[in-house]
2 protein chains.
Amino acid sequence: MDVMDSPGPAYDVFSKACPSRGTLEHVTGRWGALTLGALAALPEGSLRFNELRRRVDGVSEKMLSQTLHALERDGLVHREAQPTNPPRVDYELTPLGRGVAERLLALIRFVEGRMDDVVGARERYDATRGGR
Amino acid sequence: MDVMDSPGPAYDVFSKACPSRGTLEHVTGRWGALTLGALAALPEGSLRFNELRRRVDGVSEKMLSQTLHALERDGLVHREAQPTNPPRVDYELTPLGRGVAERLLALIRFVEGRMDDVVGARERYDATRGGR
DNA sequence: CGGGATCCGGCTTGATACTG
DNA sequence: CAGTATCAAGCCGGATCCCG
């Protein structure tokens with residue numbers, strides 16, 4: 001083994017310049033997280049553009065399109081376009097994307113499952129500060 | 001059991017109006033994720049304001065303060081101020097916050113560990129589209 | 001249907017300065 | 001040290017129009 005083989009930490013999100021920070025933001029971003037979540041929630045994991053849009057309640061066409069491009073570029077989502085009329089485009093997770101989405105969903109489900117605690121904490125916090 | 005006891009899904013991030021979406025954004029937001037990650041990476045998990053600021057490379061005072069308030073309000077972070085001079089304030093995760101941070105760190109580490117794949121995917125993507 | 005291009009208002013963010 | 005207040009800038013995100 002060469003000393004050059006030593007990998008080291010290599011990538012560290014806590015470092016300002018690390019490219020992993022950008023990817024983490026695509027993944028955890030407002031629409032990125034929900035898009036990955038929607039694709040992961042499926043058994044067979046393939047969705048068309050407008051199906052996806054309906055599942056991610058509140059997303060605009062522009063933001064969904066933009067989000068999908070970023071995720072595709074990072075190798076997390078695969079886009080398959082069929083040159084039919086009307087056009088049909090399917091999106092699905094890549095194996096890498098499935099790994100990410102799995103962990104993301106674990107986080108999402110945990111948060112959803114503890115929302116009663118969160119809501120309670122908020123009420124206590126707000127009560128402490130009177131009206132502000 | 002009363003029928004009223006039936007909990008149902010109760011909270012669903014995919015729904016626009018669900019409060020869990022807000023909490024998820026605090027948790028996964030740009031600075032929220034890194035702040036929770038920094039607090040979770042510790043053995044004894046207590047950090048002072050400026051220690052935290054140094055670990056989360058690039059965060060401004062304002063954003064860190066704002067982020068900590070949101071996390072405290074959601075019951076994920078505990079704030080302990082000592083009225084000494086100079087003032088000393090320690091932040092640490094609550095049990096709930098530790099649960100969230102654990103899952104968040106699993107995601108972060110997974111992304112960091114696959115960045116080579118991501119970088120490769122980006123190069124292939126960019127090459128396909130010529131210069132843009 | 002599945003987007004791209006453009007315009008534009010507003011919220012988020014980052015410096016800077018100030019306080020206890 | 002641990003923040004808050006203020007202000008300007010910029011990027012995000014929505015609406016709209018358009019095309020294949």
Side-chain angles (χ1 to χ4, degrees), chain A residues 16-17 21-35 38-39 46-73 77-92 125 128-132, chain B residues 14 16-17 21-35 38-39 46-73 77-92 125-126 128-132:
Chain A
K16 187 163 47 176
R21 190 177 279 195
T23 298
L24 187 68
E25 278 166 28
H26 294 158
V27 168
T28 62
R30 183 153 180 209
W31 302 121
L34 296 178
T35 300
L39 286 171
S46 174
L47 282 177
R48 303 180 59 176
F49 188 82
N50 280 319
E51 285 176 336
L52 211 38
R53 197 152 113 76
R54 256 169 269 124
R55 281 167 196 261
V56 182
D57 190 20
V59 70
S60 67
E61 289 185 4
K62 187 173 101 171
M63 293 317 297
L64 180 58
S65 173
Q66 192 173 302
T67 299
L68 285 168
H69 279 317
L71 295 176
E72 188 192 356
R73 191 169 102 98
V77 163
H78 176 69
R79 178 180 188 273
E80 183 129 14
Q82 294 170 39
T84 60
N85 193 319
R88 177 190 180 92
V89 182
D90 290 273
Y91 293 92
E92 64 183 329
Y125 183 94
T128 305
R129 326 267 143 144
R132 56 143 33 209
Chain B
F14 292 101
K16 187 163 44 175
R21 190 177 279 194
T23 298
L24 186 68
E25 277 165 30
H26 295 159
V27 168
T28 63
R30 186 159 181 202
W31 302 121
L34 296 177
T35 301
L39 287 171
S46 174
L47 281 177
R48 303 179 61 177
F49 187 82
N50 281 320
E51 286 176 335
L52 210 40
R53 196 152 113 77
R54 258 169 265 125
R55 282 166 196 263
V56 181
D57 190 20
V59 70
S60 68
E61 290 184 3
K62 188 174 89 173
M63 292 317 297
L64 180 57
S65 171
Q66 193 171 303
T67 299
L68 285 168
H69 280 317
L71 295 176
E72 188 193 355
R73 191 168 101 100
V77 164
H78 175 70
R79 177 179 188 274
E80 183 126 15
Q82 295 169 39
T84 60
N85 192 320
R88 177 191 180 93
V89 182
D90 291 273
Y91 293 92
E92 63 183 330
Y125 183 93
D126 292 344
T128 305
R129 328 264 143 146
R132 56 138 44 210

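Every value quoted in this text rests on a predicted model; they were computed, and no experiment measured them. Order of the sequence lines sets the chain letters (A, B, ...), proteins ahead of strands, with each chain counted from 1.
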Would you say [N] has OP1 or OP2 under 4.0 Å from some side-chain N or O of [X]?
X	N	result
A:Asn50	C:dG2	yes
B:Arg48	D:dC1	no
A:Ser65	C:dG2	no

Which residues pass the side-chain contact (heavy atoms from CB on, under 4.5 Å) test with [X], sequence neighbours left out?
X	answer
A:Arg73	B:Arg122, B:Tyr125, B:Asp126
B:Asp57	A:Ser15, A:Lys16, A:Arg21
B:Ala70	B:His26

Nearest-Å distance, [atom1] ([X]) to [atom2] ([N])?
X	N	atom1	atom2	result
A:Glu72	C:dG2	CD	P	15 Å
B:Leu68	D:dG3	CG	P	8 Å
B:Leu64	D:dA2	CG	C1'	10 Å
A:Leu47	C:dC1	CG	P	15 Å
B:Arg88	C:dG20	CZ	C1'	18 Å
A:Glu80	C:dG2	CD	C1'	15 Å
B:His69	D:dG3	NE2	C1'	8 Å

Quick one: list whatever passes side chain to side chain donor-acceptor pair (under 3.5 Å) with A:Arg48, sequence neighbours left out.
-> none

Would you check if B:Leu52 and B:Leu68 make a side-chain contact, meaning some heavy-atom pair closer than 4.5 Å?
-> yes

Got B:Leu34 and B:Val59 here, is their nearest side-chain heavy-atom distance under 4.5 Å?
-> no

Are the side chain of B:Ser65 and the backbone of B:Glu61 linked by a donor-acceptor contact shorter than 3.5 Å?
-> no

Would you classify B:Arg53 as touching base, sugar-phosphate or nothing, given that sugar-phosphate means primed atoms plus P, OP1 and OP2, and contacts are heavy atoms under 4.0 Å?
-> nothing

Hits for salt bridge (charged side-chain N to carboxylate O under 4.0 Å, His left out) against A:Arg30, two or more places apart or cross-chain, chain-then-number order -> B:Glu25

How would nucleotides 13-20 of chain D be written as a contact map, 5' to 3', with B for base contact, S for sugar-phosphate-only contact and - for no contact, using protein heavy atoms under 4.0 Å?
-> BBB----B

Summary of side chain to side chain donor-acceptor pair (under 3.5 Å) pairs that have at least one residue in residues 79-90 of chain B, sequence neighbours excluded | B:Ser46-B:Asp90, B:His78-B:Glu80, B:Arg79-B:Tyr91, B:Arg88-B:Asp90

Bend angle of the helix from C:dC1-D:dG20 to C:dG20-D:dC1, from helix axes over five pairs at each end, nearest 10° |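 Axis angle across the helix from C:dC1-D:dG20 to C:dG20-D:dC1, nearest 10°: 50°.
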
